[in-house]
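Have a look at the structure below, then the notes.
The chains referred to below are lettered A, B, ... by the order of the sequence lines, with proteins before strands, and numbering in each begins at 1.
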There are 2 protein chains.
Amino acid sequence: MSGLAKLSGVDISTVSRALNDSPLVNDKTKAQILQLAHETGYAINARARNLRKQSSQTLGIVIPVYPGSHQTLSDPFFLEMIGAVSQAAAKHDYDLIINLPNSPSEISERRLLVSGKADGLIVIGQAGRTERLNSLGDAANRVVVWGGMIDAADYTLVGSDNFEGGRLAGQHLGDIGRRRILFLGDIDLPEVKLRYEGLVSALQGQGAEPLLVPCSFDGHEAYRKILELCDGKTAFDAIFAASDVLGIAAIHAVQASGRRVPEDVAIVGYDNIGQADMISPGLTTIDQNIALGGEIMVKALIDKIAGKPVKATLTPTRLVIRGSTAGTALPR
Amino acid sequence: MSGLAKLSGVDISTVSRALNDSPLVNDKTKAQILQLAHETGYAINARARNLRKQSSQTLGIVIPVYPGSHQTLSDPFFLEMIGAVSQAAAKHDYDLIINLPNSPSEISERRLLVSGKADGLIVIGQAGRTERLNSLGDAANRVVVWGGMIDAADYTLVGSDNFEGGRLAGQHLGDIGRRRILFLGDIDLPEVKLRYEGLVSALQGQGAEPLLVPCSFDGHEAYRKILELCDGKTAFDAIFAASDVLGIAAIHAVQASGRRVPEDVAIVGYDNIGQADMISPGLTTIDQNIALGGEIMVKALIDKIAGKPVKATLTPTRLVIRGSTAGTALPR
DNA sequence: TCAAAAAATGCAACCGATTGCATCAACCAG
DNA sequence: CTGGTTGATGCAATCGGTTGCATTTTTTGA
């Protein structure tokens, strides 16, 4: 910048204003400076600017994946979420930094905010982190969390309507005549619990009741558990899985045991990840509209940073019917 | 920091040294300052530190996805790459910022480096960007690119051995008796071209020659093209697709046309994305070891930033046989 | 034509850390 | 007791922008 100042013969303060398109600067001067900047390939030093302006035009996304957690970063849901948030952030002229906590106890969230590396934080999933997130205190007004709506949260929540999603799945399975329905998932997680409750509520209307099969978000675990159940004497004609990864594993397990999907066992997943329609049969699922979710979170976070009040938001939640319940596989 | 200085009664320079564990500071003083820092939840201001140290402990990853490019960010390959790089960066105590260029012509790479937002850059794929990357000039010594090995590159390349991958695929298809093999992909991209050449070389030994089916990385396009070919009069008994997404689409297309995989048409993909074994039949593919690739790139980039010489590196490339060529589908 | 208002530019403090150099105290050897 | 080391700390410049205020230049209106 001082280089540009010398070249154009004005003070660096004028250069600064010109580059920021300040109305204080004469149009001719401004044009000349911009021209010079362009020619010399000058780019404002973000480090200095960030320090002075006390902001960094950067958002952070925290993915709760650590050695020992059952979910891995390669879970397509996380990856799609990263993609969605990243595109939304870019659209709003923010950079996005990814943070993967090394351990469940590390307080990297606070550190990211306090150190000023990020102006705000998007946290994916609140499982077992409610307290920790609440303890962010002051910093909490620069945090948006993706997760199920719970009352105990001080932070802003964005997420799909998990209860409604569960209800839709239950109703659909009822509609196609299924009565013995397994729920595959870990209801200790708030999001999953809501999906389960939605399912229960839908089935009540039909006089049925689901059977709970506890399972983490690990596809291999789901495969094993469903295979065991198939080989056992529990009778069931449908599975509602807490995620598409689990649902896809369930399809495989059911097929491996010699039964047909959907004729013998209908299967519904949750998330509508890109792979849900790349398998045979396609996986019927609950769409969370991840792309929209990312956009909503980014916008909400930017509003919060600007001090505007922001309230929790639900993304549209809808049922996507494919071969795993419908009998016909749709091509992509 | 000035707060800590007041609290502990020493100069901020001493506080700074203490927090950085400098040997210049008396151990007792140091302990006391660290204690205070812990109690008050103090975190070093990254913005100021970055400015002063002329570095930001941050790497950037550039994904060449923009409106109009056929590949989308939701391509699992990109997502897995982001995950791999992100974990590797975290391991080396670097933050990672994601950059999605808004247009093919935008020079966001240079900007990221020159502005100091990132100390170094990892670029995924060099398709049509060779010139642009070479034009980075000085900045190129802080760039590592994932892509096929080509001679014209000034920058450091890391990638799987695309030629060998193609050769492995060709050999395998030959071994199982296939002679009429389609290659599905866009050989204008350097990586894809090498895969094709590897395939050709393997088939030469067997007296066969592949048929080229030009196709972008878009799964839907692949589906349409393969379906057309199936309905036409071209005879073929195998497909080697330039990516798993294309391979999976090909499986669907072939099945939709009433033929069996692998009995009528054997299919091999490329990448070994997580979903390759979540479909039926599982997709035989060439594993690029994305996780290792991410780690190698991060290490190479950090070395380059430190001024060490770094040379191009190939990641191990191997054939993973699954149901789409083997006749038996493996459970996950 | 000249004072007042408006527009454009310059000056200098500031953001919060890091670090070379100066200073000061404690300790040692002669 | 004194000069010389060593260890510990403080001082102040610095990184490269941004911005409130002062100053200069230009424009306006009577």
Side-chain angles (χ1 to χ4, degrees), chain A residues 1-38 40-58 93 95 110-119 305, chain B residues 1-37 40-58 93 95 110-119 139 305:
Chain A
M1 185 166 265
S2 68
L4 285 184
K6 236 164 266 162
L7 281 176
S8 53
V10 296
D11 189 78
I12 59 168
S13 59
T14 300
V15 174
S16 171
R17 284 188 267 253
L19 293 177
N20 288 289
D21 200 24
S22 156
L24 288 180
V25 181
N26 180 291
D27 285 345
K28 246 169 58 189
T29 315
K30 195 185 288 182
Q32 182 198 346
I33 293 175
L34 290 178
Q35 172 67 17
L36 272 167
H38 181 74
T40 58
Y42 175 82
I44 292 182
N45 183 309
R47 297 193 268 250
R49 165 183 255 250
N50 289 345
L51 172 59
R52 178 57 224 239
K53 301 200 68 160
Q54 301 284 68
S55 97
S56 45
Q57 282 291 304
T58 300
D93 266 321
D95 287 311
R110 224 186 76 82
R111 188 164 238 74
L112 265 176
L113 287 174
V114 175
S115 75
K117 271 173 179 291
D119 293 342
I305 293 172
Chain B
M1 186 167 263
S2 67
L4 285 184
K6 235 165 267 163
L7 281 178
S8 52
V10 297
D11 189 78
I12 60 168
S13 59
T14 300
V15 174
S16 171
R17 284 188 267 254
L19 292 177
N20 287 290
D21 199 24
S22 156
L24 288 180
V25 180
N26 180 290
D27 283 346
K28 245 168 62 188
T29 315
K30 193 185 289 182
Q32 182 200 345
I33 293 175
L34 289 178
Q35 172 66 18
L36 270 168
T40 58
Y42 175 83
I44 292 182
N45 183 311
R47 297 193 267 249
R49 165 182 256 249
N50 289 345
L51 172 59
R52 178 59 225 241
K53 302 200 69 158
Q54 301 284 67
S55 97
S56 46
Q57 283 290 303
T58 300
D93 265 322
D95 287 312
R110 225 186 75 81
R111 188 162 238 78
L112 264 176
L113 288 174
V114 174
S115 75
K117 271 174 179 291
D119 294 340
I305 293 173

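- Not a single donor-acceptor pair under 3.5 Å links the side chain of A:Arg47 to the backbone N or O of B:Arg49.
- Rounded to whole Å, the distance from CG on B:Asp11 to C1' on D:dA13 is 13 Å.
- For the pair A:Leu4 CG and D:dG16 C1', the computed distance is 12 Å after rounding to whole Å.
- Across all strands shown, B:Asn50 has no heavy atoms under 4.0 Å from either base or sugar-phosphate atoms.
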Test side-chain contact (heavy atoms from CB on, under 4.5 Å) on A:Asp119 and A:Thr58; report intermediate values, then the result.
CA-CA 6 Å; A:Asp119 293 342; A:Thr58 300; 5.5 Å; no
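- Among the nucleotides C:dT18, C:dG10, D:dC11, the one closest to any side-chain atom of B:Lys53 is C:dT18.
- For A:Asn26, counting side-chain heavy atoms from C-beta on, the closest listed nucleotide (C:dT9, D:dT18, D:dA8) is C:dT9.
- The listed nucleotides are D:dT18, C:dC11, D:dT9; the one nearest the side chain of A:Ser13 is C:dC11.
- Distance alone, capped at 3.5 Å, is enough to place a donor-acceptor pair between the B:Ser115 side chain and the B:Arg111 backbone.
- Nearest-nucleotide positions on DNA chain D place B:Pro23 closer to the 5' end than the other of B:Gln54 and B:Pro23.
- The distance between atom NZ of B:Lys30 and atom P of D:dG7, rounded to the nearest whole Å, is 14 Å.
- Without hydrogens or angle criteria, A:Ser16 side chain to A:Ile12 main chain gives no donor-acceptor distance under 3.5 Å.
- In this structure, A:Met1 atom CE and D:dG17 atom P are separated by 5 Å, rounded to whole Å.
- Taking only side-chain atoms of B:Leu24, from C-beta outward, the nucleotide of D:dT9, D:dG16, C:dG16 with the closest atom is D:dT9.
- The shortest distance between the side-chain N/O atoms of A:Thr29 and the OP1/OP2 oxygens of C:dA8 is not below 4.0 Å.
- Comparing D:dG10, C:dG10, C:dT18 by their closest approach to the side chain of B:Arg52 singles out C:dT18.
- Using a 4.0 Å cut-off, no side-chain N or O of A:Ser16 falls inside it from OP1 or OP2 of D:dG17.
- Set against D:dC11, D:dG16, C:dA17, the side chain of B:Tyr42 has C:dA17 as its closest nucleotide.
- Look at CG on A:Leu19: it is 15 Å from C1' on D:dT19, rounded to the nearest Å.
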Under the side chain to side chain donor-acceptor pair (under 3.5 Å) criterion, do A:Ser22 and A:Asn20 qualify, and how do the steps go?
CA-CA 5 Å; A:Ser22 156; A:Asn20 288 289; over 6 Å; no
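- Here the options are A:Leu34, A:Leu4, A:Leu36, the test is side chain to side chain contact (heavy atoms under 4.5 Å, CB included), and the partner is A:Tyr42; only A:Leu4 passes.
- Interface remark: the A:Arg17 side chain does not form any donor-acceptor pair with the D:dG17 base, using a distance-only criterion of under 3.5 Å.
- When heavy atoms are screened at a 4.0 angstrom cut-off, A:Val15 is found touching no nucleic acid atom at all.
- For B:Ala48, taking side-chain heavy atoms from C-beta onward, the closest of the listed nucleotides C:dG16, C:dT19, D:dT18 is C:dG16.
- Distance, B:Asn45 CG to D:dG16 P: 17 Å, rounded to whole Å.
- The CG atom of A:Asp27 sits 12 Å away from the P atom of C:dA7 (whole-angstrom rounding).
- If you check C:dG16, D:dG17, D:dT9 against the side chain of B:Val25, the one that comes closest is D:dT9.
- For C:dG16, the OP1/OP2 oxygens have no side-chain nitrogen or oxygen of B:Arg47 closer than 4.0 Å.
- When rounded to the nearest whole Å, the span between CD1 of B:Ile12 and P of D:dA13 equals 13 Å.
- In this structure, the nucleotide among D:dG17, C:dA17, D:dC15 sitting nearest to the side chain of B:Leu51 is D:dC15.
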